[in-house]
Amino acid sequence: MSKLATAVKRILVGRPFRSERLSHTLLPKRIALPVFASDALSSVAYAPEQLFLILSVAGISAYALAPWVGLAVSVVMLVVVTSYRQNVRAYPSGGGDYEVATVNLGRTAGLVVASALLVDYVLTVAVSISSAASNIGSALPFVATHKVAFAVAAILVLTATNLRGIRESGTAFAIPTYAFMVGIVVMLGWGFIRVLLLGHELRAESAGFELRAEGNQLVGLALLFLVLRAFSSGCAALTGVEAISNGVPAFRKPKSRNAATTLLLLGTISVTMLMGLITLARLTGVKMAEDVPRQLIGAPYRYEQKTLIAQLAKAVFDGFPAAFYFITAVTALILVLAANTAFNGFPVLGSILAQDRYLPRQLHTRGDRLAFSNGIIFLAGAATVLVIAFGAEVNRLIQLYIVGVFVSFTLSQTGMVRHWNRLLAQKPDRAERLRMRRSQAINVLGLVMTGSVLVVVLITKFTEGAWIAITAMVAIFALMRAIRQHYDRVSAELVPQDTDAVLPSRNHAIVLVSTVHLPTLRALAYARATRPDVLEAVTVNVDEASTRDLVAQWEAHEIPVPLKVVESPYREITKPVVDYVKRARSDNPRSVVTVFIPEYVVGHWWEQVLHNQSALRIKARLLFEPGVMVTSVPWQLRSSARLAQREQLAPGTVRWGMRTGPAGTAGGRSPAEGAPTSGAPAVTSQQRSVDRS
């Protein structure tokens, strides 16, 4: 990595952490709440709005059902939160729903949960960021007309923040999250005081418009279906609950108890804000329409519909504009930060799946800031693609949402029921069995609730766009199965066999030569130092005059290694070399052929284009030949010295007691003992070695 790139990385990400500092990144409850629960807390910014938007299809009379639909969503949330408190106590390792399903229901169920969660995490980022753009657009028209650019920039900022590490991102996100909670609670409290105690008539800006129902008045089954659609959209408030069960390892000890407490706080705060916003919206006469020009009668030409929270804030703080802008700002900010829940949950789940060999192993390792950097970058890329593809429109993205999380909810609760059945069979103690029965009853209720919601979501949202999310889950499921099969196949191939212990009968060494120069002489000297059974130099004849000059120089230097010339009538280099190596290998199948290739080490990217292309092509072909070893013999050109001088020791490589020599190298080794930066002296020594032989 160049010096400039390294400097930019350190500015954005910070200095690397030693592995021993992993314990310092653990989170207390006050930081864990905004880190892992910001998604569920922020969903009150769009879940009530989506609920009203769906009900608007039936006209203003359907708004009377909004509190009851909100109450149903709240009941489901409280049941799910209570159920997940059992999960984090029983499975504190961080596998969450994936671990619960895998252990109790088998690998297939675990992969279904994992694929659903991976898709849902990506959608969490896309929906939250897009909703933030809409809320800011309610106060700043410029953002409303450039929502996609704003959303992409916000994702990049979140990515850089999370790459700095969980603890730093949690501290940065705590203040905005708490500011949002305080702002919403104050707005609700002051609004209710003004309406219920002071008798003020608060009217939202859309209260004076008439809401026209689409088509005929909906009744019977059509109205029931509409209510179910509103309920399923309102259930977006439950997303993010599972992130706490996946993030238990990031909590301070006692991990399970702290995670369970955070879940309880999450549920209480979310339900309070959700019901408060729905009630205040009814009191102020807010009207939300899916099709503004056609449904809102009396609205000005080209009326831009503001978000529900923006309308409420403007009505409650009608004489105090600063409060309106504060509520709008913190709402937009919490929606941006809500994506942080996914940025913490997705990489952890990806690491666990990679450890189980269902995802590439690169997702398992932590970066130099002890964050799962590869998972964070992958999530950011996938969310960016979604935001651009759907134009950062919440109404379009929300239809893809929720399906994944309720698939994981349902399978997780099924797994927990099986978990308690297994433990009950092993516990003879009556008091212990009664406690387990209570826990099992909670999970059974959670299973019934989440399973019912899943059915409703599939029925009401499948044709609206949920099929895209389901298709993505199926594709990811199949991909993870294929990755696991690949890793299993490779592991089976690499198991040592008795025949593998047999040593090769001999080593046939070949040094590739283009001309007699210092890199060639170094390669010859190194090849002779390995003491092969057969050693020969090989050149390809693509130009008669150059080949005659090479043979003449070879004889003039009296190099004691036979030089063989391989003919190439079509002036190709790679194929004649590969064919020659194959013949050498076929003469004795138990022998090993070692090919030594001299290569230049350069200091500029454009020099790499000018050198080593033939070597790269030859190596690429020889790597597929069985019984052939390829050895690169580097020769550092003077331009490479500029990179060597800029190399610095990485943190953690210097230990106490190691002596630094006069040249600044560990152990007092001088440059002459290692690879030379100026080739002539060392290779002259190698030349003398060849001559003496």
Side-chain angles (χ1 to χ4, degrees), residues 503-601 610-635 637 679-680 682-693:
L503 294 176
S505 60
R506 64 174 187 167
N507 181 12
H508 186 148
I510 297 173
V511 180
L512 300 184
V513 175
S514 60
T515 185
V516 178
H517 54 13
L518 295 175
T520 297
L521 298 177
R522 166 176 283 181
L524 287 168
Y526 178 63
R528 296 187 69 238
T530 63
R531 299 183 180 278
D533 297 288
V534 178
L535 175 61
E536 58 186 3
V538 173
T539 188
V540 179
N541 181 17
V542 294
D543 181 82
E544 289 289 345
S546 298
T547 302
R548 284 195 298 270
D549 290 343
L550 172 61
V551 173
Q553 292 178 33
W554 200 268
E555 294 173 351
H557 283 79
E558 298 180 353
I559 299 175
V561 176
L563 174 65
K564 293 190 176 180
V565 179
V566 178
E567 295 296 331
S568 178
Y570 296 103
R571 299 160 304 284
E572 189 180 0
I573 297 177
T574 304
K575 189 176 185 303
V577 170
V578 173
D579 291 342
Y580 185 84
V581 171
K582 284 182 178 179
R583 288 195 298 272
R585 165 75 174 160
S586 62
D587 291 343
N588 189 346
R590 287 186 54 197
S591 67
V592 170
V593 177
T594 304
V595 181
F596 296 87
I597 304 177
E599 289 191 66
Y600 299 133
V601 178
L610 302 177
H611 300 285
N612 296 329
Q613 303 310 307
S614 298
L616 289 174
R617 289 194 297 270
I618 292 171
K619 283 194 296 184
R621 289 286 301 276
L622 291 177
L623 287 175
F624 292 94
E625 295 298 327
V628 176
M629 310 299 170
V630 182
T631 302
S632 295
V633 183
W635 176 264
L637 295 176
V683 177
T684 301
S685 174
Q686 293 173 2
Q687 173 65 58
R688 289 196 299 269
S689 174
V690 173
D691 291 342
R692 284 196 301 271
S693 301

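Values below: all heavy atoms of this structure, side chains included; hydrogens, waters and symmetry mates excluded.
For the pair P519 and Y600, the minimum side-chain heavy-atom distance is below 4.5 Å. The closest side-chain heavy-atom distance from V581 to E625 is not below 4.5 Å. In this structure, V577 and V566 have side chains that are not in contact, with every pair of non-hydrogen atoms separated by 4.5 Å or more. Residues I618 and V578 are not in side-chain contact: their nearest non-hydrogen atoms beyond the backbone lie 4.5 Å or more apart.
Sorted by first and then second residue, the ring pair (Phe, Tyr, Trp, His ring centres under 6.0 Å) pairs involving residues 527-546 (not counting sequence neighbours) form an empty list.
By the salt bridge (charged side-chain N to carboxylate O under 4.0 Å, His left out) test, D533 is found to be paired with no residue, residues two or more places apart in sequence or in another chain being considered. Residues passing the side-chain contact (heavy atoms from CB on, under 4.5 Å) test with V565, sequence neighbours excluded: T539, N541, T547, V551, E567. Residues passing the side-chain contact (heavy atoms from CB on, under 4.5 Å) test with P562, sequence neighbours excluded: E536. Taking T594 as the reference, N507, V592, F596, M629, T631 meet the side-chain contact (heavy atoms from CB on, under 4.5 Å) condition, with sequence neighbours excluded. Partners of V534 according to the side-chain contact (heavy atoms from CB on, under 4.5 Å) rule, which considers only residues two or more places apart in sequence or in another chain, are R506, H508.
For the residue pair V601 and P634, the shortest heavy atom distance occurs at CG2-CB, 3.6 Å.
At least one donor-acceptor pair under 3.5 Å links the side chain of T520 to the backbone N or O of T515.
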